[in-house]
Amino acid sequence: MKLERKPGLNSGTKGNHGLDEKKELDQKKESDQKTKLTMGTKFLLDFMFYMAIAVTISLPLSIKLIGKQFPLLIEHYEESVIIYFVLGVSAAVLLRELRKIFKTVLDENCFVQENVISLRKMGSWSFFIAVMSAVRSIVYLTIAMSVVVFVFIIAGLFSKVLAYVFEEAVRYKEENDLTV
């Protein structure tokens, strides 16, 4: 007895299996890219945090060395050390808060009240950095410092707004957790 094969009878199953494999490969590729991106970002944040500490600690010496190229730094040595020290500490604290938030992202639990608090702190520290940079501009004004002031004002606003968004997300998450 000869079995007759009808077109398309088995091809649908085989085709779906191929689509499933392609979907799995795409998901794995996306997951690998996500892992590379998050680990690269974590490395960058850690590097920036520890460099901020190192640069801040080395300010008295580095300002003297850089002062050879920029005489205004030497002319205003004490003011420069103090202002850049305050800016360095502020930047390190801001980066510490960002690292806290990033840790919750890595733990896949980012909609938590601690992130709302960190975002609010980051906004406040950004505004403080903008103000201190403006104060530094009184000592000597540069276009670059004007840009820094503008960038940190925008970062402060963005952080404060994002804190409100996260606060809503946390509230929705908590309500959802209670209903489940």
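Note that these values count all heavy atoms, side chains included, but never hydrogens, waters or copies made by symmetry.
- Of the inter-residue distances, the one linking Ile83 atom CD1 with Ile63 atom CD1 reads 9.5 Å to the nearest 0.5 angstrom.
- In this structure, the side chain of Thr104 engages the main chain of Ile101 through a donor-acceptor pair within 3.5 Å.
- No salt bridge links Lys23 with Glu30; every basic N to acidic carboxylate O contact stays at or beyond 4.0 Å.
- Expressed to the nearest 0.5 Å, how far OG of Ser124 lies from CD of Glu97 amounts to 10.0 Å.
- The heavy-atom pair separating Lys160 from Arg120 by the smallest distance is NZ-O, 3.2 Å.
- Summarising the geometry, atom OG belonging to Ser137 is positioned 11.0 Å from atom CE belonging to Met132; distances are rounded to the nearest 0.5 Å.
- Taking both residues in full, the closest heavy atoms of Leu87 and Ser133 are given as CD2-OG, 3.8 Å, listed atom of the first, atom of the second, then distance.
- Taking the six-membered ring for Trp and thresholds of 30 and 60 degrees, Phe128 and Trp125 have ring planes more than 60 degrees apart, a perpendicular arrangement.
- For Leu65, the CG atom counts as densely surrounded, since its 6.0 Å shell holds more than 12 non-hydrogen atoms of other residues, nucleotides or ligands.
- Among all heavy-atom pairs drawn from Ile129 and Ala91, the shortest one is CD1-N, 3.9 Å.
- Counting all heavy atoms, side chain and backbone alike, Ile53 lies closest to Ala92 at CG1-CB, 4.4 Å.
- Without hydrogens or angle criteria, Lys173 side chain to Val112 main chain gives no donor-acceptor distance under 3.5 Å.
- Side-chain polar atoms of Asn115 and Lys103 form no donor-acceptor pair below 3.5 angstrom.
- Ring-centre distance between Phe166 and Phe111: below the 6.0 Å cut-off.
- Within the 4.5 Å cutoff, side-chain heavy atoms of Arg136 are placed close to those of Met145.
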side-chain contact (heavy atoms from CB on, under 4.5 Å) assessment of Val81 paired with Glu78: CA-CA 5 Å; Val81 170; Glu78 291 82 14; 5.9 Å; no
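- Salt bridge status for Asp32 with Lys36: absent, with no side-chain N to carboxylate O gap under 4.0 Å.
- Of the listed residues (Leu94, Leu98, Leu95), just one forms a side chain to side chain contact (heavy atoms under 4.5 Å, CB included) with Met48, and that residue is Leu95.
- Applying the 6.0 Å contact sphere to OH of Tyr164 captures no more than 12 heavy atoms from other residues, nucleotides or ligands.
- The distance from atom CG of Leu157 to atom CD1 of Ile153, rounded to the nearest 0.5 Å, is 7.5 Å.
- The backbone N or O of Val86 sits less than 3.5 Å from a side-chain atom of Ser90, completing a donor-acceptor pair.
- Leu73 approaches Gly67 most closely through the heavy-atom pair CB-CA, 4.2 Å.
- Listed here is the closest heavy atom pair of Gly88 and Thr56: CA-OG1, 3.2 Å.
- With rounding to the nearest 0.5 angstrom, the CG atom of Leu25 is 8.5 Å from the NZ atom of Lys22.
- For Phe49, the CZ atom counts as densely surrounded, since its 6.0 Å shell holds more than 12 non-hydrogen atoms of other residues, nucleotides or ligands.
- A salt bridge is defined here as a Lys NZ or Arg NE, NH1 or NH2 lying under 4.0 Å from an Asp or Glu carboxylate O, and Arg171 with Glu174 fails to meet this definition.
- Under a cut-off of 6.0 angstrom, the local environment of NZ in Lys42 is sparse, with at most 12 non-hydrogen atoms contributed by other residues, nucleotides or ligands.
- Under the 3.5 Å distance criterion, the side-chain polar atoms of Tyr84 are left unmatched by any main-chain donor or acceptor of Pro60.
- Expressed to the nearest 0.5 Å, how far OG of Ser80 lies from CD1 of Ile66 amounts to 10.0 Å.
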